[in-house]
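Worksheet: the structure to be examined is printed underneath.
Nothing here was measured: the structure is a model prediction, and the numbers come from that model.
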Amino acid sequence: QVQLAESGGGSAQAGGSLRLSCSASRYISGFCMAWFRQAPGKEREFVSSVSISDNIAYAESVRGRFTISKDNAKNTLYLQMNSLKGEDTAMYYCAARAGLCHNNWEQFNFWGQGTQVTVSS
């Protein structure tokens, strides 16, 4: 089992930046770590993931703007968000699963509480 806790959300101007952090209660080296987001009235959607072997995947909507990274020694996952757009407004969730990565939220069984990101123009 692993407990996850997100931080770093808040308000930003369009074109601005935010850095999200996800602190895990144990080592994360054996997990796929991922970020998902959900806006009101919309389905939860995949944002980015980093695998056990450090392969990285991004949703097309954030490619080139967001950067996922992790520090295994600190048990922490990060999401650097640059060039923010209004459509990035959502609750952002950190998620983990043992083994291979997926882009389907239903395949993840460990979740943080979420951190709100609001982008204004």
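With sequence neighbours excluded, the residues that form a salt bridge (charged side-chain N to carboxylate O under 4.0 Å, His left out) with E60 are R63. Every residue two or more places apart in sequence or in another chain that forms a side-chain hydrogen bond (donor to acceptor under 3.5 Å, both in side chains) with S53 is listed here: S51, N55. Scanning for side chain to side chain contact (heavy atoms under 4.5 Å, CB included) contacts around T118 gives S11, T89, Q116, with sequence neighbours left out. Residues satisfying the side chain to side chain contact (heavy atoms under 4.5 Å, CB included) criterion with S23, sequence neighbours excluded, are T76. Residues satisfying the ring pair (Phe, Tyr, Trp, His ring centres under 6.0 Å) test with F46, not counting sequence neighbours, are F36.
Scanning all heavy atoms of the two residues, the minimum distance from L84 to R65 falls at CA-NH1, 3.9 Å. In this structure, M33 and I68 approach most closely via the heavy-atom pair O-CD1, 4.1 Å.
Annotation for Y27: hydrophobic cluster partners, listed by chain and number, are none (ILVMFWY side-chain heavy atoms under 4.5 Å, direct or chained). Through ILVMFWY side-chain contacts below 4.5 Å, I52 is grouped with nothing and stands alone.
The salt bridge (Lys or Arg N to Asp or Glu O under 4.0 Å) analysis of residues 46-55, with sequence neighbours excluded, yields the pairs D54-K70. For residues 34-73, no pair satisfies disulfide bond (SG atoms under 2.5 Å apart), with sequence neighbours left out.
Side-chain atoms of S49 do not come within 3.5 Å of backbone N or O of A34 as any donor-acceptor pair. A donor-acceptor pair is defined here as one N or O able to donate and one able to accept, closer than 3.5 Å; no such pair exists between the side chain of E6 and the backbone of C22. In this structure, the side chain of S48 engages the main chain of A57 through a donor-acceptor pair within 3.5 Å.
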Under 3.5 Å, which donor-acceptor pairs do the side chains of residues 14-21 form with other protein atoms, sequence neighbours left out?
{"residue": "S17", "atom": "OG", "partner": "N82", "partner atom": "OD1", "Å": "2.8"}
{"residue": "R19", "atom": "NH1", "partner": "Q80", "partner atom": "OE1", "Å": "3.3"}

Enumerate donor-acceptor pairs with a distance under 3.5 Å from any side-chain N or O in residues 92-102 to protein atoms, sequence neighbours excluded.
{"residue": "Y92", "atom": "OH", "partner": "R37", "partner atom": "NH1", "Å": "2.8"}
{"residue": "Y92", "atom": "OH", "partner": "D88", "partner atom": "O", "Å": "2.7"}
{"residue": "R97", "atom": "NE", "partner": "Q107", "partner atom": "O", "Å": "2.8"}
{"residue": "R97", "atom": "NH1", "partner": "L100", "partner atom": "O", "Å": "2.4"}

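At a threshold of 4.5 Å between side-chain heavy atoms, the hydrophobic network of Ile, Leu, Val, Met, Phe, Trp and Tyr places V2 and W35 in one connected group. Under the 4.5 Å side-chain heavy-atom criterion for ILVMFWY residues, a single connected hydrophobic cluster contains both M91 and W111. Y78 and I28 fall into different hydrophobic clusters, where Ile, Leu, Val, Met, Phe, Trp and Tyr residues are linked whenever their side-chain heavy atoms come under 4.5 Å apart, directly or through other members. Residues M81 and L77 fall within the same hydrophobic cluster, defined by Ile, Leu, Val, Met, Phe, Trp and Tyr side chains chained together at heavy-atom separations under 4.5 Å.
The closest side-chain heavy-atom distance from L79 to T67 is not below 4.5 Å.
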Pair Q13-S120, side-chain contact (heavy atoms from CB on, under 4.5 Å): steps then yes or no: CA-CA 5 Å; Q13 302 271 32; S120 58; 3.5 Å; yes
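Note that the CZ atom of F66 and the CD1 atom of I56 stand 14.5 Å from one another [nearest 0.5 Å]. Going from atom OG of S25 over to atom CD of Q1 covers 9.0 Å, rounded to the nearest 0.5 Å.
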